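Everything below concerns the one structure shown next.
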Amino acid sequence: MAESAIAPPDPLAPRGLPLTGLRRRLTRTAVALVALLAVVHSTMLLLYVASDFPLAKTYAKQTDWWMRPMFPQDWNIFAPDPSRYNVHLEVRTRVDGRLGPWIDLTAYDNARYRGDLLPSIEDQLVLRRATTQYQSSAKAPGADEARSRNARYLMNVITARLDDMGRPSGDAIELRTRSTRIPSPEAPDAVHPARYEEVGFWKVTR
């Protein structure tokens, strides 16, 4: 009696363990959780980059908690107005009870990366971003936790820059911003006086 031929396996046939009732429920639950997480993150991202919307301002604290420090964004839905001022952060340290001269940290950063063929965008934005974050939280009512966190971050950036420059941090640091208006194309040689704004005076903790 001739042996019956065995048909080759169908290459399109499903393989693996069959989905039992428990596995099917677990799979559906996992997919639902991932979808919910994606919706929540997308909503937080939208509110974070649309900071001018009233709804975004209402939930600014919750959005900031969700997005930072793991998912910071450096863009907005709407393009900002071109800057009309060059803003530099200046600091001076108190050593042995005496305040030293003002040090332009922004100018130091600019000189540090000028001429670099492949400068790190992230490194270039650290000082400006830290200053902007602190100033924004300092003006926001009821943002004590964010203000304290941003102040510590800004101080860490400043002390790191001072160490790079070989300058002592002392026992206290005073901060201010110097804003100089950018000349318009119609009057490129116009000279505008600098405008100073006090940022803070903090003790240095070791």
Side-chain angles (χ1 to χ4, degrees), residues 48-49 51 56-57 59-76 80 83-182 191-206:
Y48 187 79
V49 299
S51 55
K57 295 179 180 178
Y59 295 99
K61 185 176 181 180
Q62 293 85 344
T63 304
D64 188 72
W65 174 85
W66 180 274
M67 297 298 295
R68 295 187 179 279
M70 297 300 295
F71 310 108
Q73 305 293 317
D74 192 37
W75 61 281
N76 292 291
S83 176
R84 298 182 180 180
Y85 293 89
N86 282 324
V87 182
H88 285 219
L89 178 67
E90 298 180 341
V91 302
R92 60 179 178 177
T93 61
R94 187 177 67 185
V95 181
D96 297 331
R98 301 181 60 181
L99 286 170
W102 287 102
I103 304 170
D104 191 337
L105 293 186
T106 303
Y108 170 75
D109 265 17
N110 293 341
R112 186 180 180 184
Y113 296 107
R114 186 176 292 116
D116 193 341
L117 296 179
L118 296 173
S120 169
I121 299 299
E122 192 68 24
D123 289 345
Q124 293 181 71
L125 294 177
V126 165
L127 183 63
R128 185 180 69 183
R129 187 178 294 166
T131 306
T132 303
Q133 287 176 2
Y134 172 74
Q135 289 179 315
S136 299
S137 60
K139 297 176 182 178
D144 295 338
E145 183 180 350
R147 185 184 307 116
S148 176
R149 182 177 66 249
N150 291 334
R152 292 195 303 270
Y153 177 62
L154 177 57
M155 282 295 292
N156 290 338
V157 173
I158 291 173
T159 53
R161 290 293 189 274
L162 291 174
D163 289 342
D164 291 342
M165 300 172 69
R167 300 291 189 97
S169 302
D171 59 7
I173 298 179
E174 185 176 5
L175 294 73
R176 72 179 183 185
T177 56
R178 176 172 56 84
S179 303
T180 307
R181 187 175 180 85
I182 300 174
V191 178
H192 302 280
R195 187 175 63 187
Y196 296 91
E197 181 181 353
E198 182 180 350
V199 177
F201 184 88
W202 299 321
K203 292 183 178 180
V204 177
T205 57
R206 303 297 180 182

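None of these values were measured; they are calculated from a predicted model.
Taking the side chain as every heavy atom from C-beta outward, Arg161 and Ile158 never approach each other to under 4.5 Å. Side-chain contact between Pro193 and Thr180 is absent, with no heavy-atom pair separated by less than 4.5 Å. The shortest side-chain heavy-atom distance between His192 and Ile182 does not fall under the 4.5 Å cut-off. Here the side chains of Tyr134 and Leu154 are in contact, with some heavy-atom distance below 4.5 Å. Taking 4.5 Å as the limit, every side-chain heavy atom of Thr106 sits out of range of all side-chain heavy atoms of Val87. Within the 4.5 Å cutoff, side-chain heavy atoms of Gln135 are placed close to those of Thr177. A 4.5 Å side-chain heavy-atom check between Arg112 and Asp164 finds at least one atom pair inside the cut-off. The shortest distance between side-chain heavy atoms of Ile103 and Glu90 does not fall below 4.5 Å.
With respect to Arg176 and Glu198, no salt bridge is recorded, no charged nitrogen being found less than 4.0 Å from a carboxylate O. Lys203 has no carboxylate O lying under 4.0 Å from a charged side-chain N of Asp171, or vice versa, which leaves the two without a salt bridge. The existence of a salt bridge linking Asp104 and Arg178 is confirmed by a sub-4.0 Å separation between a basic side-chain nitrogen and an acidic carboxylate oxygen.
By the neighbour-count criterion of 12 heavy atoms within 6.0 Å, atom CZ of Arg167 is sparsely surrounded, having that number or fewer from other residues, nucleotides or ligands. For Glu145, the CD atom is loosely surrounded, since the number of other residues' heavy atoms within 6.0 Å does not exceed 12.
A distance of 11.0 Å separates CD1 of Ile173 from CZ of Arg94, quoted to the nearest 0.5 Å. Atom NE2 in His88 sits 11.5 Å away from atom OG1 in Thr131 (nearest 0.5 Å). Distance check, rounded to the nearest 0.5 Å: CG of Leu89 to CG of Leu105 gives 5.5 Å.
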**Report entry** Criterion side chain to side chain contact (heavy atoms under 4.5 Å, CB included) on Ser169 and Val95, from CA distance to verdict
**Finding:** CA-CA 8 Å; Ser169 302; Val95 181; over 6 Å; no
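Heavy atoms only, all atoms of each residue included: Glu174 and Trp102 are closest at O-CZ3, 3.6 Å. Residues Pro168 and Leu162 come closest through the heavy atom pair O-CD1, 4.5 Å. When all heavy atoms of Tyr153 and Val126 are compared, the closest pair comes out as OH-CG1, 3.9 Å.
For the 3.5 Å distance criterion, the side chains of Ser148 and Arg152 qualify, holding a donor opposite an acceptor. A donor atom on one side chain and an acceptor atom on the other are found under 3.5 Å apart for Asn150 and Ser137.
Using a distance-only test at 3.5 Å, with no hydrogens or angles considered, a donor-acceptor pair links the side chain of Thr159 to the main chain of Asn156.
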